Undergrad: 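So that we are looking at the same thing, I have put the structure below in structure tokens.
Model, not experiment: these values are computed from the prediction. Lettering of chains follows the sequences in order, A, B, ..., and the numbering in each one begins at 1.
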There are 2 protein chains.
Amino acid sequence: MPYDPSAFPPFAVTVDLVVLTVRRHALCALAVRRGEQPFQGRWALPGGFVRPDEDLAQAAARELAEETGLRAHDPAAPAQDNGAHLEQLATYGDPKRDPRMRVVSVAHLALAPDLPAPRAGGDANIARWAPVEELLQQGGYSRDGEPVAPLAFDHAQILADGVERARSKIEYSSLATAFCPPEFTVGELRRVYEAVWGVALDPRNFHRKVTGTPGFLVPTGGTTTRQGGRPAQLFRAGGATLLNPPMLRPEV
Amino acid sequence: MPYDPSAFPPFAVTVDLVVLTVRRHALCALAVRRGEQPFQGRWALPGGFVRPDEDLAQAAARELAEETGLRAHDPAAPAQDNGAHLEQLATYGDPKRDPRMRVVSVAHLALAPDLPAPRAGGDANIARWAPVEELLQQGGYSRDGEPVAPLAFDHAQILADGVERARSKIEYSSLATAFCPPEFTVGELRRVYEAVWGVALDPRNFHRKVTGTPGFLVPTGGTTTRQGGRPAQLFRAGGATLLNPPMLRPEV
DNA sequence: GTGTTTATCGTCAGGGAGACGACTATGATC
DNA sequence: GATCATAGTCGTCTCCCTGACGATAAACAC
């Protein structure tokens, strides 16, 4: 084996972010327009190099803050502090994924409540929320009739993996509350599930399930009519993070 | 922000392997003894540097072959080809996780049927299968009464994450069959679940569940008495990879 | 007031899981 | 060879959860 294990090839290590939110009943992801080669002018996921003294989670939290202003939710902190949920997704290291050099990207998944338009911060000049459906369709046309170019690098794969992670994880965890503001109604939570899964759920059975699961929802006492109709109770996310038995995703 | 994004700090990138198997009713992991500093003489997970022209999955498969002789199971190939299941687990990049230099390790999880004693190949002079329970206890004593040193680097964390992944994944997938030989009985599969979860399962309910799930098990027509008792039907793993509804892990 | 929208409570039938009884087919032991 | 221990396999019963869906409640728009 003519390989010297004492030497090691240098890699660049980056973090890329799949930042998901629910806007107008659609699952949306944060996309930035690339200002330089390669893939100049194409949409990409936000991300950047990991700094020499930084942990991977720190780098991801820093990028998230630069792009959205969101603080990352500390996994050690028990209660919702209005920060976004942030977790490692997967790592992508195909030797040809970046034509310039050997880059290994540690993708992270962030879930955030509906936010105002993203602020243009850091190196990214243009950023926007785009429906994932639109970002993932290859070479089609968007709802506005504009031609859609696929995402830069292997970001379509990363985004697809992130969406799949979110879709499966809200089944058996209380993670869907990360898409909601600190106080929310059962109906708002249901619309999150419907947007993420792309299905319609029965409001009565959903209500029974989430209110009947101990520790999932905590009533705050308040009510709201911001969705119209009869006033709905407001809840906060409870301490339970695992849903057992899970919420069942309807077939097909 | 006094940081130049056009420069990038070089990292070493490695793959580490959590190779799990079931031996004598216990969940075991492959451990190698370190021959050099740091952590000389301590047990560690097998692993090594990613080569310049290698994908991460390729590097993991190469390391797995070097340590165990196992071919990795190609995720694209439909049928069991007696290769081990191999999947990416998570990436660990704390700046201080290796005292020598900045190393980012992409951990992979491999599941293998019970194998003969590991062959000493590649750089690792000594390798062994050790019960994960023993590898994970901090500074205690093994069943033989010998003092146990914790695993090198952050490998205890990686191993714990890999075990947790395996424990949760056999709930909703047919992955437990990766611990079995190509043909196996329902009882052998049940003992896999019992070893991985560390619980006792009702043989009758387990039999009903796995034989009643379409596509999970395919009878081969043969029988065996290698476990003693009444001859048992032999099965191969069916095409179904997702178990719906999942196998329920008993509480506590 | 009437209609519309959303929230919430109830009812009912069907399926799956846990608990466990019963029977079967081997090898081991006396 | 009779008996026993061991494993495998089939059934039954009850409970709980789910999906389907009726009914009522409380707001707003006209």
Undergrad: When the distance from CG of A/Asn244 to C1' of D/dT18 is rounded to whole Å, what number comes out?
TA: 15 Å

Undergrad: Which ones in residues 210-234 of chain B lie close to DNA chain C, meaning a heavy atom under 4.0 Å from one of its atoms?
TA: B/Gly229, B/Arg230, B/Pro231

Undergrad: Taking ring pair (Phe, Tyr, Trp, His ring centres under 6.0 Å) as the definition, give me every residue that meets it alongside B/His108, ordered by chain and number, with sequence neighbours left out.
TA: none

Undergrad: Could you work out, with side-chain contact (heavy atoms from CB on, under 4.5 Å) as the rule, every residue matching B/Ala31, not counting sequence neighbours?
TA: B/Trp43, B/Leu135

Undergrad: Going by atom type alone, with no hydrogens or angles, which donor-acceptor pairs under 3.5 Å involve a side-chain atom of residues 232-250 of chain A and a protein atom two or more places apart or on another chain?
TA:
residue, atom, partner, partner atom, Å
A/Arg249, NE, A/Glu171, OE2, 3.3
A/Arg249, NH2, A/Glu171, OE2, 3.0

Undergrad: When you check every protein heavy atom under 4.0 Å of nucleotides 15-20 of chain C, what one-letter string (B, S, -) results, 5' to 3'?
TA: --BBBB

Undergrad: Any ring-ring contact (aromatic ring centres under 6.0 Å, His included) involving residues 168-201 of chain A? Give me the pairs, sequence neighbours left out, ordered by first then second residue.
TA: A/Tyr193-A/Trp197, A/Tyr193-A/Phe206

Undergrad: Could you check how far CZ of A/Phe206 sits from P of D/dG19, rounded to whole Å?
TA: 12 Å

Undergrad: Ignoring hydrogens and geometry beyond distance, is a side-chain donor-acceptor pair present between B/Tyr92 and B/Asp161 at under 3.5 Å?
TA: yes

Undergrad: A/His207: what forms a side-chain hydrogen bond (donor to acceptor under 3.5 Å, both in side chains) with it, not counting sequence neighbours?
TA: none

Undergrad: Name all residues meeting the side-chain contact (heavy atoms from CB on, under 4.5 Å) criterion together with B/Ala112; count only those two or more places apart in sequence or in a different chain, and write none if there are none.
TA: B/Leu70, B/Ala84, B/Leu115

Undergrad: Whole angstrom is fine here: how far is it from CZ in B/Phe235 over to P in D/dG8?
TA: 11 Å

Undergrad: How long is the line joining CG of A/Leu201 and P of C/dA7, in whole Å?
TA: 13 Å

Undergrad: Determine which pairs satisfy salt bridge (charged side-chain N to carboxylate O under 4.0 Å, His left out) with at least one residue from residues 186-198 of chain A, sequence neighbours left out, and list them in order.
TA: A/Glu188-A/Arg226, A/Arg190-A/Glu194

Undergrad: May I ask you to evaluate whether B/His207 reaches the phosphate of D/dT9, defined as a side-chain N or O under 4.0 Å from OP1 or OP2?
TA: yes

